Amino acid sequence: MIFSIFVAAFTLTHNMQLSNFLELEHNDTLENVERVQNVVSAEQEYLDSIVQDWACWDDTYEFIENGNPQYIDVNLQNQTLAGIKINVMIFVNESGDVVYAKSIDIDTAEEVSVPQELLQLIKDGTLLTKAENDTISGFVLLHENPMFISCHPILTTKHQGPVRGTLIFGKLFDNTYLDYFEEVTLSSLSMYRVDKDLPPDFQTKLKFFSENLDKTIVEPLSEERVAGYFGLQDISGKPAIIMRTDSPRELYSHGEKTLNNVYLFLLLTGLVTGAGIKFAFDRLFISRLTGIDNFVTRIRSERDLSQRLSLDNNDELYCLSREINGMLNEIYLAEQELKAQEREKKVLLDSLNELVIFVSSELKIIWVNRAALECMNIELQKAVGMSIKDIPGTVGLLSSYLNFERIFATGNKKSGEFTTDDGRTWYIQAIPVTGEDGKVIGILEMCRDITENKKAEQLRKKEVNHRIKNNLQIVSSLLDLQAEKFSDRKVIEAFKESESRILSMSLIHQELYESGKLDSLDFSSYLHKLITDLIKSYNTKTGEIRVKLDLSTVFFEVDTAVSLGIIINEMFTNSIKYAFPAGAGGEISISLVREESIEEITGNNSTDTVLSESPEKLSGTSKNYKLIYADNGKGFPEEFDFRNPETLGLQLVNALISQIEGSLDLERGNGTKFIIHFKSEL
């Protein structure tokens with residue numbers, strides 16, 4: 001992978017550098033083309049300059065007028081034209097008639113005939129100037145060779161008119177002149193006329209130069225040479241000649257060769273380095289790591305935790321081997337300890353007086369302790385595999401009331417107390433055991449005879465309730481005495497609220513003590529007494545605030561009764577303080593009803609329902625209740641969030657409702673109505 005990344009990086013760098021060399025080659029070719037263009041432009045400018053000198057001369061101005069032979073003898077000799085490197089010189093008057101014309105061979109200074117194409121262009125007016133500033137410059141494609149042409153109006157030496165005609169100078173652009181350009185520019189040049197057959201590469205450039213004559217095209221001809229194409233225009237501004245300058249691709253070739261050598265060197269270096277690293281890894285790391293893997297595989301297959309890895313070198317793998325040996329040693333010790341714990345667990349469970357039974361998901365016994373075997377009066381081998389429904393005696397009766405099918409379905413623990421026909425009380429518990437996937441794989445059933453404990457607990461609870469009631473009444477009296485020492489109304493109200501909370505708890509313990517029932521109390525009787533004491537505590541006259549109670553006889557366990565008592569105490573206190581302004585009357589109504597469960601509505605009476613209505617008590621056999629507290633006072637403000645209150649009273653109400661796993665709803669309208677839904681195990 002690393003080698004592939006290096007190759008990709010090298011390739012990208014290689015291509016980027018080649019692109020740079022191509023750009024350098026392109027710029028160098030453009031410079032070559034520019035040198036050739038400058039030479040051609042210089043020739044055209046020379047021709048334009050010399051024709052201007054001859055045309056703006058008083059002698060020429062008079063010669064056009066009178067045809068003076070002396071002008072010809074003195075100025076228009078063959079050597080004169082050869083000296084200024086002019087092939088053709090034509091004098092035309094303002095009427096378009098040729099006054100004088102001469103054409104020579106520059107190399108031999110011999111006179112030759114004037115090209116007929118030039119005379120035809122004069123005749124049709126193409127080469128004639130019309131005004132003092134009118135000039136014509138460019139190429140003319142003659143039959144044999146192209147020709148530089150420069151035309152200038154004939155004026156006086158002071159460049160004044162009127163114009164008496166046109167002076168035309170021409171210079172052939174032949175192969176000799178092309179060789180001269182090559183010598184000057186040190187370039188290899190090719191020239192083709194657009195009016196004749198063009199090579200394929202020139203033909204493709206013609207259309208481009210027809211639209212972009214001032215542009216230059218650079219493209220490689222081969223691996224060895226690169227070419228630059230440019231066009232030259234005729235006197236009408238159209239492409240007349242396409243030229244090409246060729247140059248060797250030395251810069252690109254040298255750069256490419258250098259890059260290739262560097263590229264191959266880097267690849268070779270990376271390959272050798274990678275092979276060396278791989279060899280070193282295989283020898284120093286991979287082979288040893290493979291040995292560790294084989295050792296771990298062997299340990300897993302043979303399950304022999306006494307084997308140990310051989311250690312060598314003081315490096316990371318040495319540390320890993322040492323940790324594996326340490327782990328194996330810890331696992332071995334843990335396994336021995338686990339076996340010892342299994343033996344101890346068996347001894348411990350067999351020594352218990354409790355009945356312990358482990359049941360599988362098929363409701364068959366997996367294991368039982370000695371106490372359960374003695375109660376069942378069978379041996380362990382016979383008990384293992386027996387269906388829980390076939391267990392004889394008291395153990396079978398206790399197991400049948402736990403409803404193992406429901407525990408497997410819900411995954412919930414179940415516990416409670418059960419009294420058998422012989423008067424013995426048992427505490428029974430079913431704990432689901434889950435596997436790694438979270439599914440229940442079995443149930444651990446434990447049964448304990450708590451008959452004597454229950455009797456002692458009844459006496460102890462009665463005495464405790466009596467003492468708690470007395471202590472709470474003392475605390476209440478102390479708070480009342482302490483409140484008399486303060487004049488601050490808020491402090492007095494805080495003492496009175498604390499006193500009423502303690503009073504509500506004291507009344508519960510008084511009810512428990514007087515009724516003789518230590519685990520439950522008649523909530524309707526308790527609530528009547530609590531409301532009566534609260535009315536007395538706040539000195540509320542019966543005529544001012546009426547309290548309407550709609551309660552049926554219902555028994556609650558102590559924890560539920562304490563929570564409900566404090567909740568009603570807080571709500572009653574809030575009504576007195578906030579719902580009814582001073583001197584205003586009102587009504588407070590409290591109702592408690594039992595709500596039917598789904599099983600009761602559908603008529604599906606499960607085992608849980610039967611147990612909850614029987615004298616025996618098991619956890620999970622609960623009933624649903626609804627407590628409604630309402631007053632017709634001012635009501636809560638709309639913006640008040642009763643679930644997140646700032647006052648201690650409502651915070652306490654929410655906490656207590658959460659404690660009994662209930663829910664609280666508020667209805668605003670004609671006063672305030674709190675609706676509390678909760679469950680009770682009784």
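This structure is a prediction, so every number in the text was calculated from the model and none was measured.
A distance of 9.0 Å separates CD in Glu111 from CG in Leu81, rounded to the nearest 0.5 Å. Considering CG of Leu198 and NZ of Lys205, their distance stands at 11.0 Å, rounded to 0.5 Å. With rounding to the nearest 0.5 angstrom, the CD1 atom of Ile331 is 10.5 Å from the CD1 atom of Ile324. Annotation: the span from Ile217 atom CD1 to Leu30 atom CG amounts to 11.0 Å, rounded to 0.5 Å. To the nearest 0.5 Å, atom CD of residue Gln37 and atom CG of residue Leu232 are 7.5 Å apart. With rounding to the nearest 0.5 Å, the separation of CG in Leu121 from CG in Leu128 is 9.5 Å.
Other residues, nucleotides and ligands contribute over 12 non-hydrogen atoms within 6.0 Å of the CD atom of Glu302. Residue Asp53 qualifies as enclosed at atom CG: its count of foreign heavy atoms under 6.0 Å is above 12. Around atom CD of Glu661, no more than 12 heavy atoms belonging to other residues, nucleotides or ligands sit under 6.0 Å away. Surrounding CG of Asp107 are more than 12 heavy atoms belonging to other residues, nucleotides or ligands, all under 6.0 Å away.
Under the salt bridge (charged side-chain N to carboxylate O under 4.0 Å, His left out) criterion, no residue pair touches residues 229-238, with sequence neighbours excluded. For the ring pair (Phe, Tyr, Trp, His ring centres under 6.0 Å) condition, the pairs that include at least one residue of residues 108-144, sequence neighbours left out, are Phe139-Phe148, Phe139-Phe173. Sorted pairs that involve residues 131-149 and meet salt bridge (charged side-chain N to carboxylate O under 4.0 Å, His left out), not counting sequence neighbours, are lacking altogether. The side chain to side chain donor-acceptor pair (under 3.5 Å) pairs that include a residue from residues 72-96 are Asn78-Lys102, where partners are two or more places apart or lie in different chains. Applying the salt bridge (charged side-chain N to carboxylate O under 4.0 Å, His left out) test to pairs two or more places apart or on separate chains, those with a residue in residues 165-178 are Glu43-Lys171.
Remark: Arg225 engages no residue in a side-chain hydrogen bond (donor to acceptor under 3.5 Å, both in side chains) (not counting sequence neighbours). Here Phe208 pairs with nothing under the ring-ring contact (aromatic ring centres under 6.0 Å, His included) rule; sequence neighbours left out. Judged as a side-chain hydrogen bond (donor to acceptor under 3.5 Å, both in side chains), and not counting sequence neighbours, Ser49 has no contacts. Residues passing the side-chain contact (heavy atoms from CB on, under 4.5 Å) test with Glu65, sequence neighbours excluded: Arg164. The side-chain hydrogen bond (donor to acceptor under 3.5 Å, both in side chains) test applied to Thr672 returns no partner, not counting sequence neighbours. Considering only residues two or more places apart in sequence or on other chains, Asp246 meets the side-chain hydrogen bond (donor to acceptor under 3.5 Å, both in side chains) condition with Arg244. Scored by the ring-ring contact (aromatic ring centres under 6.0 Å, His included) test, Phe202 finds Tyr192, Tyr229 as partners (sequence neighbours excluded).
At least one side-chain heavy atom of Tyr46 sits less than 4.5 Å from a side-chain heavy atom of Ile50. Between Thr29 and Thr216, the closest side-chain pair of non-hydrogen atoms is not below 4.5 Å. Counting heavy atoms from C-beta outward, Phe674 and Val653 have side chains that stay 4.5 Å or more apart. Using a 4.5 Å heavy-atom threshold, the side chains of Leu118 and Ile149 count as touching. Taking 4.5 Å as the limit, every side-chain heavy atom of Lys158 sits out of range of all side-chain heavy atoms of Asp58. A heavy-atom distance below 4.5 Å is not found between the side chains of Gln160 and Leu155. Looking at heavy atoms from C-beta onward, Val194 lies in side-chain contact with Ile242 at the 4.5 angstrom threshold. The side-chain heavy atoms of Asn32 and Asp28, taken from C-beta on, include a pair separated by under 4.5 Å.
At distances below 3.5 Å, not a single donor-acceptor pair connects side-chain atoms of Ser658 with backbone N or O atoms of Asn654. Side chain of Thr166 to main chain of Thr129: a donor-acceptor pair is present (N/O by atom type, distance under 3.5 Å, no hydrogens or angles). Asn294 contributes a side-chain N or O that, together with a main-chain N or O of Thr290, makes up a donor-acceptor pair within less than 3.5 Å. Put simply, the side chain of Asn38 gets close to the backbone of Glu34: a donor and an acceptor are under 3.5 Å apart. A distance-only check finds no donor-acceptor pair linking the side chain of Asp105 to the backbone of Glu110 [under 3.5 Å].
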Could you walk me through whether Ile106 and Leu172 satisfy the side chain to side chain contact (heavy atoms under 4.5 Å, CB included) test, starting with their C-alpha distance in whole Å, then the side-chain angles of each, then the deciding distance to 0.1 Å, before giving a yes or no? CA-CA 9 Å; Ile106 296 177; Leu172 288 175; over 6 Å; no

Chi angles and distances behind the side chain to side chain contact (heavy atoms under 4.5 Å, CB included) call for Val88, Ile168: CA-CA 8 Å; Val88 176; Ile168 302 170; 5.9 Å; no

Apply the test side chain to side chain contact (heavy atoms under 4.5 Å, CB included) to residues Leu141 and Ile241: give CA-CA distance (whole Å), side-chain angles for both, the deciding distance (0.1 Å), then the verdict. CA-CA 9 Å; Leu141 297 179; Ile241 298 172; 4.2 Å; yes

Going through the distances and angles, do Val51 and Met89 end up as a side chain to side chain contact (heavy atoms under 4.5 Å, CB included)? CA-CA 9 Å; Val51 75; Met89 179 182 291; over 6 Å; no

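A perpendicular orientation is assigned to the rings of Phe63 and Tyr100, their planes being inclined by more than 60° (bins at 30° and 60°).
Among all heavy-atom pairs drawn from Asn66 and Asn68, the shortest one is OD1-N, 3.0 Å. What you find for Thr60 and Trp54 is that their closest heavy atoms are OG1-O, 2.9 Å. Minimum heavy-atom separation, His152 to Ala55: ND1-CB, 3.8 Å. What you find for Val114 and Ala101 is that their closest heavy atoms are CG2-CB, 4.0 Å. Taking every heavy atom of both residues into account, Arg298 and Ser301 meet most closely at O-OG, 3.0 Å. Between Val92 and Ile122, the shortest heavy-atom contact is CG2-CG2, 3.9 Å.
In the model, Thr157 has no side-chain atom that pairs as donor or acceptor with a side-chain atom of Tyr61 under 3.5 Å. Side-chain contact annotation: Gln44 with Asp48, donor-acceptor N/O pair under 3.5 Å present.
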